[in-house]
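Below, chains carry the letters A, B, ... as their sequence lines are ordered, and counting in each starts from 1. What you see is a predicted model, and the numbers here were worked out from it, not measured in a lab.
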There are 2 protein chains.
Amino acid sequence: MPRAAKFDEEQILAAAGRLIAAHGPSGATIAAIARAVGAPTGSIYHRFDSRDVLLASVWLRAAATFQDSFFEQLAGPTPREAGLAAALYMAQRVRENPREARLLLLHRREDFVDRGWPPAMRRRAEQLGRQVETELRAFSRRLCGSEHARTVRIVAYAVLEAPFAAVRRHIAVNESPPSYVDVLIQVTYEAVIGLLGI
Amino acid sequence: MPRAAKFDEEQILAAAGRLIAAHGPSGATIAAIARAVGAPTGSIYHRFDSRDVLLASVWLRAAATFQDSFFEQLAGPTPREAGLAAALYMAQRVRENPREARLLLLHRREDFVDRGWPPAMRRRAEQLGRQVETELRAFSRRLCGSEHARTVRIVAYAVLEAPFAAVRRHIAVNESPPSYVDVLIQVTYEAVIGLLGI
DNA sequence: GAGTAAATAGAATATGTGTTCTAAATGACC
DNA sequence: GGTCATTTAGAACACATATTCTATTTACTC
């Protein structure tokens, strides 16, 4: 009975994602999103309750996708190799999906939403945050038998924060990370994991 | 002859800096700044031509101050030690001046200004950017005799980006970086500089 | 082809925020 | 005390942007 849909959620989320990658969250105005999709502003509201919900959805989808792949690497059979694979995967993922990288790595979660996250989505975001902590703790235990907070932070530096530091500038200037960043990531990983005395 | 000033530039810049450190650039609205200083909005415009000029001033002042101190470390007598001193200085500076750290490290330059930087201040910002490149190149030459782009990027990772990665999370949750981040910074520095074969 | 539910369309509205404008207050100097 | 430049004061204005509202269109069913 209904009229055929001309703009679906997927299209709108994708357009918003492109705008955010190009101009940051503040560039993803309802008007800009509507223009990018070729729809009037009202049609955006037919799919999403508010701009906050829309942008939160964009962030959540990207974060969940990235995290799933990343932690899949980290769960590989031999911990020490899995950690290195995950660290290197960060650079690889940035090369393969620069738009997602700009979206996730150039802005913080709280930059996405103006008035505070809608409750349901905030819960989902907290859940994703907990996943990070949980997976890092599990990896830390597998790697060196400790879940001490300091140990987990050190491990997080080796697999997440240092790799991010190595690619950050390239993301910012919108170019693919050159191959020597892999060397930086690996050298940092080996040196830092060496600290844990395995 | 004139009436005594009740609000000076310094006060206003400081208030804006506090607001940005606490809530990000978008939290530093003219109304919020005026409230923080105890002035009506008109008085802000008596000192600054526009909000863009005001926020740009805040960023420029903080960036110049930080860079001067950082590159002073980097210019120390023996390059290899100077590089380590500079890398560690990043963490120390964050401990001593967390507000400045949040201001500079949690947001990018372009997040500060809405409509584009006023020309004069953009030139100043570009000048600061060039200072970074120039000083890093000079340091790279002193350290290993090369100014090759790749070498400079590796050096930048060792003295700037990795140290930043080590403190980032602590800045974000507003706590002082614990002492083990110094270890992470040092270990990364040694390992990465070792790559250059000195 | 009439009925109808869903979707598009875009004008109208609301609101937050940067900016301007005019009046009043202040303090130094004659 | 009058004069004057500067500053405070805050209301008024402009503008961008999110949101709402009321048609209108569309495609499917009977």
Undergrad: State whether A/Glu190 and A/Arg80 are salt-bridged, where the test is any N-O pair (Lys NZ or Arg NE/NH1/NH2 against Asp/Glu carboxylate O) under 4.0 Å.
TA: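 A salt bridge links A/Glu190 with A/Arg80.
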Undergrad: Taking the side chain as every heavy atom from C-beta outward, state whether A/Val113 and A/Val53 have any pair of such atoms under 4.5 Å apart.
TA: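 Answer no - side chains too far apart.
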Undergrad: Run the side-chain hydrogen bond (donor to acceptor under 3.5 Å, both in side chains) check on A/Gln92 and A/Arg95 step by step: do they pass?
TA: CA-CA 5 Å; A/Gln92 195 50 38; A/Arg95 293 190 186 100; 3.1 Å; yes
Undergrad: Any N or O donor-acceptor pair linking the side chain of A/Arg3 to the base of D/dT26 at under 3.5 Å?
TA: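 Flag unset: no donor-acceptor pair detected.
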Undergrad: Side chain of A/Phe7, heavy atoms from C-beta onward: which of C/dT8, D/dT7, D/dA9 has the nearest atom to it?
TA: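 For A/Phe7, the side-chain atoms sit closest to C/dT8.
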Undergrad: Starting at CG of B/Asp114 and ending at C1' of C/dT17, how long is that distance when rounded to a whole Å?
TA: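 Taking atom C1' of C/dT17 as the reference, CG of B/Asp114 is at 10 Å.
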Undergrad: Report the distance from atom CG of A/Asp8 to atom P of C/dA6, rounded to the nearest whole Å.
TA: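 Between P of C/dA6 and CG of A/Asp8: 17 Å.
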Undergrad: Measure from the side chain of B/Lys6, starting at C-beta and using heavy atoms only, and say which of D/dA9, C/dT8, D/dA18 lies closest.
TA: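 Given the options D/dA9, C/dT8, D/dA18, the side chain of B/Lys6 is closest to D/dA9.
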Undergrad: In whole Å, what is the span from the CG atom of A/Leu55 to the P atom of D/dT19?
TA: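 Result: 10 Å.
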Undergrad: Select from A/Ile30 and B/Gly38 the residue whose nearest nucleotide in DNA chain D is closer to the 5' end of that strand.
TA: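 Taking each residue's closest nucleotide, the earlier one in sequence belongs to B/Gly38.
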Undergrad: Find the distance A/His23:NE2 to D/dT17:C1' and express it as a whole number of Å.
TA: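 Distance, rounded to whole Å: 17 Å.
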Undergrad: Nearest to the side chain of A/Ala4, which nucleotide is it out of D/dA27, D/dT17, D/dT19?
TA: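 Comparing D/dA27, D/dT17, D/dT19 against the side chain of A/Ala4, the answer is D/dA27.
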Undergrad: Run the salt-bridge test on B/Arg47 and B/Asp8 with the 4.0 Å N-O cut-off and return the result as yes or no.
TA: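 B/Asp8 and B/Arg47: not salt-bridged.
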Undergrad: B/Phe48 CZ to C/dT20 P: how many Å, rounded?
TA: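 Whole-Å distance recorded here is 15 Å.
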Undergrad: Just the rounded figure in Å: distance from P of C/dT17 to CG of B/Leu54.
TA: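 Computing the B/Leu54:CG to C/dT17:P distance gives 16 Å.
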Undergrad: Please classify the nucleic acid contact of B/Thr41 as base, sugar-phosphate, or nothing, using heavy-atom distances under 4.0 Å.
TA: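 The answer is base, as B/Thr41 lies within the cut-off (heavy atoms under 4.0 Å) of a base atom.
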Undergrad: Please state how far atom CG in A/Asp49 lies from atom C1' in D/dT20, giving the value in whole angstrom units.
TA: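 It works out to 13 Å between those atoms.
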Undergrad: Picking from D/dT25, C/dG18, D/dT19, which would you name as closest to the side chain of A/Tyr45?
TA: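 Per side-chain heavy atoms of A/Tyr45, the pick is D/dT19.
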Undergrad: Whole Å only: how far is the CD1 atom of B/Ile44 from the P atom of D/dT7?
TA: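 Rounded to the whole Å, the gap is 14 Å.
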Undergrad: From C/dA7, D/dT7, C/dA9, pick the nucleotide closest to the side chain of A/Arg47?
TA: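 Taking heavy atoms from C-beta onward, the closest nucleotide is C/dA7.
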Undergrad: Any salt bridge linking A/Arg169 with B/Glu133? Criterion: basic side-chain nitrogen under 4.0 Å from a carboxylate oxygen.
TA: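 Yes.
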Undergrad: Is A/Arg115 near enough to D/dT19 that one of its side-chain N or O atoms lies under 4.0 angstrom from OP1 or OP2?
TA: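 The answer is yes; a side-chain N or O of A/Arg115 sits under 4.0 Å from OP1 or OP2.
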